[in-house]
There are 2 protein chains.
Amino acid sequence: MLSTSNDHSMTMLIRKLESIATLSDEERQTILRLPVRTRVLNVGQDIVRDGDKPSQSCLILDGWACRYKMLDGGRRQIMSFHIPGDIPDLQSLHLHTMDHSLATLTKSTIAFIPHESLRELTTRFPGIASVLWRDTLVDGGIFREWMVGMGRKSAFGRIAHLFCEMYLKLEAVGLAGEHRCPWPITQIDFGDALGLSNVHVNRTLQEMRGQGLITLRGCTLVIQAWDELIRASEFDPTYLHLEKRAT
Amino acid sequence: MLSTSNDHSMTMLIRKLESIATLSDEERQTILRLPVRTRVLNVGQDIVRDGDKPSQSCLILDGWACRYKMLDGGRRQIMSFHIPGDIPDLQSLHLHTMDHSLATLTKSTIAFIPHESLRELTTRFPGIASVLWRDTLVDGGIFREWMVGMGRKSAFGRIAHLFCEMYLKLEAVGLAGEHRCPWPITQIDFGDALGLSNVHVNRTLQEMRGQGLITLRGCTLVIQAWDELIRASEFDPTYLHLEKRAT
DNA sequence: CGACATGTTGATCATTGTCAAGTCAAGTGG
DNA sequence: CCACTTGACTTGACAATGATCAACATGTCG
């Protein structure tokens with residue numbers, strides 16, 4: 001399925017950017033005019049691969065994706081989860097060789113934006129350049145936070161932290177509310193993201209269910225005890241650098 | 001100790017930026033004219049703290065620094081090590097609240113550059129903006145690589161990987177060569193960076209010494225078996241995005 | 001010389017991984 | 001519509017990597 005640019009595609013991007021920064025009318029209009037090519041990808045498809053030298057960046061319109069890296073012996077590390085509005089490989093605009101891969105976690109709609117267009121945009125509009133730069137910096141902040149988890153937190157704390165993080169990110173673009181959000185992630189992905197085995201993820205989730213903290217069934221997460229989750233995971237949302245939330 | 005800007009201070013920055021990108025003569029001259037205020041800090045001093053809203057970024061002229069975050073119960077996670085030429089809190093240019101702290105690991109000379117000057121620079125010179133953006137993106141790549149280590153590698157692999165990474169970073173700015181580099185890091189810092197206890201770091205280092213892979217004494221690291229270290233740590237330098245090395 | 005941080009060693013504990021088997025739900029093809 | 005396949009989830013038994021605690025050695029620097 002292919003289509004050419006339209007305002008609708010860019011709405012999600014605007015919403016995301018406005019969750020972490022402020023845009024002027026002119027900037028908003030300029031972004032809406034970006035040329036894109038849209039494609040629908042199935043579950044578990046690579047969007048770009050480690051070693052590629054992409055000439056475009058991708059914007060997620062619908063579905064979830066992740067960055068990951070493979071190691072010897074089939075071990076995998078997922079480095080981030082991405083949701084609609086994210087441009088997960090924006091870094092390829094200035095880092096020409098991919099040092100990791102990017103894949104869908106669900107059936108997804110992806111818009112591709114030529115680097116050429118982005119480069120022109122950032123040269124002509126330093127304000128937009130700042131916002132996009134800021135977006136990649138927030139990503140960096142999330143990486144740091146995950147490092148804290150993997151280095152110094154228990155499996156329980158890490159899982160709880162990820163729930164809080166994804167809930168807030170989804171809420172910021174209007175995809176979650178009332179402590180309820182989509183959760184299309186398998187326990188294997190979960191483990192690969194947090195540096196845990198799927199078996200241990202499973203046991204820890206059961207413990208969280210047992211304590212009445214969450215419900216997780218049929219790809220929907222309900223956080224029943226937000227405060228307790230925050231406490232147990234030492235969660236502090238500062239690192240997400242959210243400015244406002246979508247309605 | 002205080003001094004005003006001079007070319008000498010900025011030489012280290014130029015060298016660092018030229019290790020990951022190319023600068024035009026004009027860009028180089030412009031950077032050399034940046035105003036800075038220089039200070040010497042002792043070991044273990046905070047440069048900026050979690051929660052601060054800095055109005056300047058710091059450039060390391062001499063010594064080592066690290067980003068870190070404290071958790072309940074005195075646990076600490078170090079998220080990166082920084083060497084001369086690095087601007088470890090460049091992200092504060094666009095993320096106004098610090099989500100972690102920055103401290104010296106050795107007695108260090110630090111230059112402070114006002115955000116105002118950096119903002120003007122990036123607006124007037126999109127090329128310099130790109131290089132600085134690129135620098136923060138390389139940082140992000142390093143975070144991702146550390147995540148892979150903490151999530152999926154053994155203590156041995158993680159330590160070996162860090163040796164390879166720091167050696168190449170130092171070599172790129174002319175501070176290491178012949179598989180020998182300064183190593184002013186305690187085993188406690190080491191553990192806090194890799195998510196290990198200092199005791200386990202100690203034992204693993206002894207194992208590496210026993211296998212004749214490294215020598216580490218008196219703050220100097222000598223890598224005796226580079227290839228074996230690369231292999232054991234699954235090290236691939238792509239993520240450092242180095243373009244050329246200093247002479 | 002003495003204090004204090006760093007490094008070293010041993011003993012024991014525990015979180016988490018691995019392996020293996022089995023259940024369950026959803027989808028697919030005959 | 002049912003047998004079959006497939007992927008995800010669950011459970012148990014056992015192993016291992018690395019943590020913790022405690023003591024002691026070794027610097028190094030004022």
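Model, not experiment: these values are computed from the prediction.
Taking side-chain N and O atoms only, A:Asn202 has no distance below 4.0 Å to OP1 or OP2 of D:dC9.
Going from atom CG of B:Asn198 over to atom P of C:dA5 covers 14 Å, rounded to whole Å. Rounded to an integer number of Å, the gap from B:Phe190 CZ to D:dA19 P is 14 Å. Distance A:Ile188 CD1 to C:dG17 C1': 15 Å, rounded to the nearest Å. The CZ atom of B:Arg209 sits 9 Å away from the C1' atom of C:dG7 (whole-angstrom rounding). Going from atom CD1 of A:Ile159 over to atom C1' of D:dC9 covers 14 Å, rounded to whole Å. As a whole-Å value, the separation of A:Arg75 CZ from D:dT17 P is 13 Å. Rounded to whole Å, atom P of C:dT9 lies 10 Å from atom CD of B:Gln187. Atom NE2 of A:His200 and atom P of D:dT11 are 15 Å apart (whole Å).
Ring orientation note: the planes of B:Phe81 and B:Trp64 are tilted relative to one another, at an angle of 30° to 60°.
Comparing B:Ile185 and B:Arg203 by the nucleotide of DNA chain C whose heavy atom lies nearest to each, the residue mapping closer to the 5' end is B:Ile185. With the nearest nucleotide of DNA chain C identified for both A:Lys153 and A:Val199, A:Lys153 has the one nearer the 5' end. The nearest heavy atom of DNA chain D to A:Gln206 and to A:Arg152 marks one nucleotide each, and the one closer to the 5' end goes with A:Gln206.
Partner B:Arg67 forms a salt bridge (charged side-chain N to carboxylate O under 4.0 Å, His left out) with one of B:Asp139, B:Asp99, B:Asp86, B:Asp89 and no other, that one being B:Asp139.
With hydrogens and angles ignored, no donor-acceptor pair closer than 3.5 Å exists between the side chain of B:Arg217 and the base of D:dG27.
Here B:Gly218 lies out of heavy-atom contact (under 4.0 Å) with every strand. Base engagement by B:Ser197 is indicated by at least one non-hydrogen atom pair under 4.0 Å involving a base atom.
B:Arg49 CZ: 12 or fewer foreign heavy atoms inside a 6.0 Å radius.
Less than 6.0 angstrom separates the ring centroid of B:Tyr239 from the ring centroid of B:His161.
We find that B:Asp192 and A:Arg152 are joined by a salt bridge, their nearest charged nitrogen and carboxylate oxygen being less than 4.0 Å apart.
For B:Ser154, counting side-chain heavy atoms from C-beta on, the closest listed nucleotide (D:dA8, C:dT16, D:dG18) is D:dG18.
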